[in-house]
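Values reported hereafter were calculated over all heavy atoms of this structure, with side chains retained and with hydrogens, waters and symmetry mates removed. So you know, we letter chains A, B, ... as the sequences are listed, proteins then strands, and number each from 1.
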4 protein chains.
Amino acid sequence: MNDQSASIADRVTASAQALRHGPNTERTVFFSDAVFAIAMTLLVLDLRVELPSNPSVEEINEAIVEQMPAFAGFLLSFILVGVNWINHHRRFSGIARYDGRLQQLNLLFLFFIAFMPVPTSLLFVNAGSPWPVALYAFVVAAISLSLNLLWWYARRAELMDEKVSEALYRYSLHATVPVWGVFLLSIPFAFISTDIALYSWLLIIPVSIIFNRVQWRRFVSRETARFAAEDAAAAQAAG
Amino acid sequence: MNDQSASIADRVTASAQALRHGPNTERTVFFSDAVFAIAMTLLVLDLRVELPSNPSVEEINEAIVEQMPAFAGFLLSFILVGVNWINHHRRFSGIARYDGRLQQLNLLFLFFIAFMPVPTSLLFVNAGSPWPVALYAFVVAAISLSLNLLWWYARRAELMDEKVSEALYRYSLHATVPVWGVFLLSIPFAFISTDIALYSWLLIIPVSIIFNRVQWRRFVSRETARFAAEDAAAAQAAG
Amino acid sequence: MNDQSASIADRVTASAQALRHGPNTERTVFFSDAVFAIAMTLLVLDLRVELPSNPSVEEINEAIVEQMPAFAGFLLSFILVGVNWINHHRRFSGIARYDGRLQQLNLLFLFFIAFMPVPTSLLFVNAGSPWPVALYAFVVAAISLSLNLLWWYARRAELMDEKVSEALYRYSLHATVPVWGVFLLSIPFAFISTDIALYSWLLIIPVSIIFNRVQWRRFVSRETARFAAEDAAAAQAAG
Amino acid sequence: MNDQSASIADRVTASAQALRHGPNTERTVFFSDAVFAIAMTLLVLDLRVELPSNPSVEEINEAIVEQMPAFAGFLLSFILVGVNWINHHRRFSGIARYDGRLQQLNLLFLFFIAFMPVPTSLLFVNAGSPWPVALYAFVVAAISLSLNLLWWYARRAELMDEKVSEALYRYSLHATVPVWGVFLLSIPFAFISTDIALYSWLLIIPVSIIFNRVQWRRFVSRETARFAAEDAAAAQAAG
């Protein structure tokens with residue numbers, strides 16, 4: 001096979017790929033934002049207070065009080081989806097290109113985001129059954145893990161912006177370990193006691209503080225070593 | 001600590017921040033727009049007229065008449081959310097950069113926007129209970145106050161476009177005082193009489209007219225002084 | 001008042017307007033698109049087939065047949081909202097700048113778009129009551145008329161792109177006359193017979209064909225005169 | 001008719017078209033994305049578990065189990081709509097301009113996307129009636145076929161980006177044949193046995209693998225011939 005035919009094969013491949021990947025992720029990102037926005041707003045539908053046709057003052061007040069568990073679920077899910085929006089925003093500000101696989105992984109991530117209203121509506125109805133709690137914990141963990149899968153793939157497929165260093169890639173990858181770790185570990189506890197499982201989620205706060213401090217030190221030492229090596233190389237080249 | 005190592009520390013910090021803030025707010029703004037659009041459109045779900053399976057003409061006409069209070073609530077909330085969309089648009093046209101905290105404050109603002117359908121659906125069902133009225137007033141005030149918090153933070157964190165002068169920043173910050181002020185003050189009155197609380201909201205119109213006239217004079221005198229000082233400095237430099 | 005102070009007054013005004021208007025309508029347009037998309041998709045919610053818990057084959061088939069009037073309403077409203085999306089797209093591709101009033105008029109237009117699911121859900125439930133038919137006709141006419149109001153304002157406030165000539169402005173303004181004209185005129189007929197009102201809407205098709213032919217001739221003669229005058233002026237200047 | 005008047009006629013036509021077509025499809029694409037996002041997220045509304053007011057653990061567990069068929073429908077539709085989002089993204093990355101007809105065809109495509117929640121909610125309720133299965137198959141096929149119609153029109157109306165070669169246009173056009181072919185062919189089988197129809201959809205996987213291999217060979221041989229001809233022409237011109 002001579003150079004000429006190799007060059008034709010390359011051009012055929014380039015033509016086949018013309019519509020499949022591209023240099024900006026703008027449309028992927030705006031589509032994701034719309035899914036986020038709808039999922040967050042649909043959460044509110046469970047808060048609709050059902051009233052009889054001519055309700056008395058007491059019936060209205062009771063109906064509002066009965067909505068308190070649903071409101072707690074709305075608040076928790078709004079915060080979790082909101083934090084994931086910020087994470088998705090950060091990750092995609094480091095991804096410069098897309099291909100078909102990245103779009104599929106993004107759809108997997110959005111599947112779990114769009115699914116959030118379902119476990120949310122069940123979560124605080126009755127703390128007696130372990131399934132709602134286990135389902136909720138699974139979906140929240142799946143959101144974080146699928147975003148990490150996308151991030152890992154973007155690095156492997158060389159879709160990253162060059163501003164994302166190896167250390168920054170790892171630091172971002174590990175940032176959600178406390179979230180998905182605690183939620184996954186709570187699943188078996190839900191079958192012992194739903195209260196234990198629910199309260200265990202509060203562990204995310206102290207675990208995050210400790211874990212992120214360790215990760216931050218690693219990040220700093222890695223980056224410091226990298227920049228020092230660059231400076232040394234520059235000094236050698238100049239000297 | 002010599003210059004070299006200081007420079008490495010700066011570069012490490014810059015690397016850590018690479019994904020956390022950026023020079024344009026486009027994605028934050030479009031995401032917010034989607035939440036606004038959905039919240040405004042979901043308000044309409046409460047207007048669905050429930051009919052029996054083979055309704056008579058009278059049943060249809062009655063069902064439409066029964067929707068009038070719900071329609072009044074829809075109209076009021078649509079106007080309030082619409083005005084806040086214009087306010088959000090104006091504020092963000094003065095914000096040139098974002099960071100993580102700004103995104104969190106924007107999510108707090110969007111939380112109240114997304115929540116609006118809940119108090120709206122309760123507002124005009126029954127004027128007897130004070131809670132729907134108080135809840136509605138609280139949420140509307142919280143929308144304005146959280147947008148002001150975001151605006152205040154953007155100034156403090158130096159995320160503002162330079163076209164926003166000190167006087168313009170203050171003028172915008174104070175523009176919504178009549179709205180959140182009247183709504184907050186109406187909350188205790190709701191527990192005396194829901195009618196008084198509801199009618200007191202009409203005070204927003206005269207209060208805004210008077211208050212904004214005063215604020216406008218302050219803005220003009222501040223800006224006039226600033227430009228006059230600039231001209232004097234320029235004349236001195238030229239003379 | 002000397003030149004110096006006039007110049008300061010101008011700068012104060014410019015500072016006050018800095019956040020209120022701007023050179024591109026991108027955010028206004030994307031926000032509108034989100035409202036359009038949600039209104040069109042919410043129309044489908046009325047098509048949800050309600051089934052008993054273990055439905056028989058006959059019950060399913062009957063439930064589908066019973067949805068036919070609702071499906072007709074969905075189809076009609078989807079087409080009307082879709083046509084208005086195209087109109088909105090065309091108008092805004094001729095609007096180059098925005099101000100606060102334009103945003104308010106756009107919100108008025110979007111109010112009627114967002115409201116469409118309500119008259120749609122009532123339209124084909126029962127042709128006996130005139131109110132659903134009259135309400136539907138009113139909302140469709142209000143959509144067209146509020147878009148025309150926005151278009152008229154954009155011209156008056158000099159927000160137009162220069163590519164929109166006087167003749168093109170008028171041609172666009174008049175393009176929807178057959179739609180809102182027929183819908184408005186059908187309202188009184190609804191109180192005589194809902195069938196007459198519903199079938200009268202079909203008049204839009206022949207009326208549009210005739211009316212637009214007349215408007216097109218006017219447009220061509222106006223533009224031809226304009227270009228001929230330009231050519232004559234250019235020839236005179238050159239000769 | 002002399003040159004001067006012909007030139008005026010051209011300018012009149014250009015003026016009339018000023019608002020009707022344009023050089024970028026950005027707004028059309030973002031509007032479509034919003035419809036996709038809402039349709040995908042509304043699918044989740046059918047998964048809402050209906051519970052009595054104080055449900056026991058058994059009632060909750062049973063309610064979750066009863067949702068399994070609805071969940072299967074949600075999953076299938078989410079995948080199908082997601083794949084169509086990727087297809088829409090690819091096609092529009094090859095379309096450089098729009099006109100009114102392209103927007104209408106896009107609205108036709110979006111009509112079927114927005115309609116998907118309806119057949120999805122019926123699909124797995126009862127496998128006894130053929131209509132839900134036939135309706136679902138029809139809508140999925142209509143999505144693919146309307147996107148192909150749009151793609152065919154964009155080529156005919158010269159709206160394509162030049163990067164889309166004749167071979168790539170055909171390769172994309174034929175890529176969805178296995179999907180709409182299998183779904184269309186399953187419709188008559190639904191009236192014999194809904195199970196046969198449902199299981200026949202699995203044929204899409206092997207059919208796609210074989211069919212796309214054949215199409216890929218055709219694409220490669222066409223593009224190889226084209227590039228070889230170009231090289232030969234270039235060599236002749238140079239020699």
Aromatic plane relationship, Phe71(D) with Phe111(A) - under 30° parallel, 30 to 60° tilted, over 60° perpendicular: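 Because their plane-to-plane angle is over 60°, the rings of Phe111(A) and Phe71(D) count as perpendicular.
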Glu66(A) portion near chain D, given a 4.5 angstrom heavy-atom threshold: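 Neither part; nothing is under 4.5 Å.
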Kindly give the heavy-atom pair with the smallest separation between [X] and [Y], and that separation in Å.
| X | Y | answer |
| --- | --- | --- |
| Val44(D) | Phe115(A) | CG2-CA, 3.9 Å |
| Phe78(D) | Leu107(A) | CE2-O, 3.6 Å |
| Ala37(D) | Phe31(A) | N-CE1, 3.8 Å |
| Leu168(D) | Ser15(A) | CD2-O, 3.3 Å |
| Leu19(A) | Arg90(D) | O-CG, 3.1 Å |
| Trp85(D) | Arg27(A) | NE1-NH2, 3.7 Å |

Pairs of heavy atoms under 4.5 Å with chain A: top-ranked of Ile64(D), Val29(D), Val220(D):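 When all of Ile64(D), Val29(D), Val220(D) are compared, Val29(D) has the most.
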Chain A interface, residue from Phe74(D), Phe92(D), Trp216(D) that has the most non-hydrogen pairs under 4.5 Å: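 Answer, by heavy-atom pair count under 4.5 Å with chain A: Phe74(D).
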Within 6.0 angstrom of [X] [atom1], more than 12 heavy atoms from elsewhere:
| X | atom1 | value |
| --- | --- | --- |
| Arg97(D) | CZ | yes |
| Arg155(A) | CZ | yes |
| Tyr199(A) | OH | no |
| Phe189(A) | CZ | no |
| Trp201(A) | CH2 | yes |

Option in Thr13(A), Val35(A), Ile38(A) with maximal non-hydrogen atom pairs under 4.5 Å from chain D: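 Top count of heavy-atom pairs under 4.5 Å with chain D: Ile38(A).
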Greatest number of heavy atom pairs closer than 4.5 Å to chain D - which of Ser32(A), Ala14(A), Ser121(A), Ala16(A):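 Winner by heavy-atom pair count: Ala16(A).
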Using non-hydrogen atoms only, which part of [X] is less than 4.5 Å away from chain A: side chain, backbone, both, or neither?
| X | value |
| --- | --- |
| Ser93(D) | both |
| Leu45(D) | side chain |
| Glu26(D) | side chain |
| Ala167(D) | neither |

Full working for side chain to side chain contact (heavy atoms under 4.5 Å, CB included) between Leu122(A) and Gln67(D): CA-CA 12 Å; Leu122(A) 292 167; Gln67(D) 287 300 97; over 6 Å; no
Approximate separation, where rounding is to 0.5 Å, of Leu42(D) CG and Leu42(A) CG: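 Rounded to the nearest 0.5 Å, the CG-CG separation comes to 6.5 Å.
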